[in-house]
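Take a look at the structure set out below.
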Amino acid sequence: DVKVTQSSRYLVKRTGEKVFLECVQDMDHENMFWYRQDPGLGLRLIYFSYDVKMKEKGDIPEGYSVSREKKERFSLILESASTNQTSMYLCASRTGYEQYFGPGTRLTVT
Amino acid sequence: KQEVTQIPAALSVPEGENLVLNCSFTDSAIYNLQWFRQDPGKGLTSLLLIQSSQREQTSGRLNASLDKSSGRSTLYIAASQPGDSATYLCAVRSGAGSYQLTFGKGTKLSVIP
């Protein structure tokens with residue numbers, strides 16, 4: 001069974017804090033993705049990585065960065081959290097055809 | 001740019017009914033199409049994946065069809081149950097070399113006991 005795990009289900013941070021969201025997959029997948037999901041806007045791609053240390057911007061990369069030092073781990077970093085980054089964050093991984101998602105992290109920035 | 005639309009945004013049916021969820025996409029040159037289920041506050045669970053060369057895929061009470069030329073896919077759910085209540089999303093991958101999926105905004109299904 002494919003397993004994609006995210007470090008936290010719920011997170012509350014203050015404006016200006018540096019925030020790390022971690023994602024780990026156990027399937028040796030090459031491709032990993034970070035999305036955010038907001039009501040009325042659907043899923044939007046923030047960043048993706050097609051290999052270790054390789055990354056590409058998605059549709060909404062502003063205010064975010066990523067790190068992929070090992071194949072199984074893909075981190076999303078909010079350098080200075082802002083209230084408009086309050087959202088559900090979803091990590092996914094893929095090899096070949098099918099994409100698999102983690103359980104999501106509900107981030108609230110106050 | 002590929003756009004994916006799911007209509008209706010919400011659907012309510014009595015338990016036991018068969019139902020169809022619709023997904024349409026603007027660019028028919030797709031690599032594959034994937035249907036997901038999302039429960040409230042949770043991640044997405046993959047239900048079915050259809051490659052561009054396929055016409056349909058089945059899993060249990062679920063059947064997904066693909067008509068590339070008309071830019072449409074349907075998800076058929078037989079004998080619906082309250083446990084089927086969730087949001088269903090379809091997503092399109094535009095090419096083998098494409099990393100991105102383009103998602104619809106989903107159809108929220110409620111199955112009433």
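A quick note: this is a predicted structure, and the numbers were derived from the prediction, not measured. First the proteins, then the strands, lettered A, B, ... as listed; each starts at 1.
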What distance do [X] atom [atom1] and [Y] atom [atom2] have between them, rounded to the nearest 0.5 Å?
{"X": "A:Gln37", "Y": "B:Thr87", "atom1": "CD", "atom2": "OG1", "result": "8.5 Å"}
{"X": "B:Lys1", "Y": "A:Asp59", "atom1": "NZ", "atom2": "CG", "result": "5.5 Å"}
{"X": "A:Leu45", "Y": "B:Thr102", "atom1": "CG", "atom2": "OG1", "result": "9.5 Å"}
{"X": "A:Leu43", "Y": "B:Phe36", "atom1": "CG", "atom2": "CZ", "result": "9.0 Å"}

Kindly work out whether a path of hydrophobic side-chain contacts (I/L/V/M/F/W/Y, heavy atoms less than 4.5 Å apart) joins [X] to [Y].
{"X": "B:Phe103", "Y": "A:Ile60", "value": "no"}
{"X": "B:Leu47", "Y": "B:Val4", "value": "yes"}
{"X": "A:Val24", "Y": "A:Phe101", "value": "no"}
{"X": "B:Val13", "Y": "B:Tyr76", "value": "no"}
{"X": "A:Tyr47", "Y": "A:Tyr89", "value": "yes"}

Other residues, nucleotides, ligands: >12 heavy atoms within 6.0 Å of [X] [atom1]:
{"X": "B:Gln57", "atom1": "CD", "value": "yes"}
{"X": "B:Glu3", "atom1": "CD", "value": "no"}
{"X": "B:Arg37", "atom1": "CZ", "value": "yes"}
{"X": "B:Lys108", "atom1": "NZ", "value": "no"}

For this session: Tell me, with the steps shown, if A:Glu98 and B:Asn32 meet side-chain contact (heavy atoms from CB on, under 4.5 Å).
Result: CA-CA 9 Å; A:Glu98 202 163 348; B:Asn32 63 34; over 6 Å; no

Exercise. Under 3.5 Å, side chain of B:Lys105 to main-chain N/O of A:Gly40, donor-acceptor pair present?
Worked result: yes

For this session: Using the side-chain contact (heavy atoms from CB on, under 4.5 Å) rule, take B:Lys42 and A:Leu90 through it: C-alpha gap first, then chi angles, then the decisive distance, then the call.
Result: CA-CA 9 Å; B:Lys42 302 281 179 68; A:Leu90 294 163; over 6 Å; no

Exercise. How far apart are the C-alpha atoms of B:Leu101 and A:Tyr35, what are their side-chain angles, what is the distance that settles it, and do they pass the side-chain contact (heavy atoms from CB on, under 4.5 Å) test?
Worked result: CA-CA 11 Å; B:Leu101 290 181; A:Tyr35 296 86; 4.2 Å; yes

For this session: Pick one of side chain, backbone, both or neither for B:Leu49, based on which atoms fall under 4.5 Å of a heavy atom in chain A.
Result: side chain

For this session: Could you check B:Arg93 against A:Gln99 for side-chain contact (heavy atoms from CB on, under 4.5 Å), going step by step and ending with a plain yes or no?
Result: CA-CA 10 Å; B:Arg93 185 172 165 192; A:Gln99 193 153 310; over 6 Å; no

Problem set entry | Per-residue contacts, residues 3-20 of chain A versus chain B, heavy atoms under 4.5 Å | A:Arg9

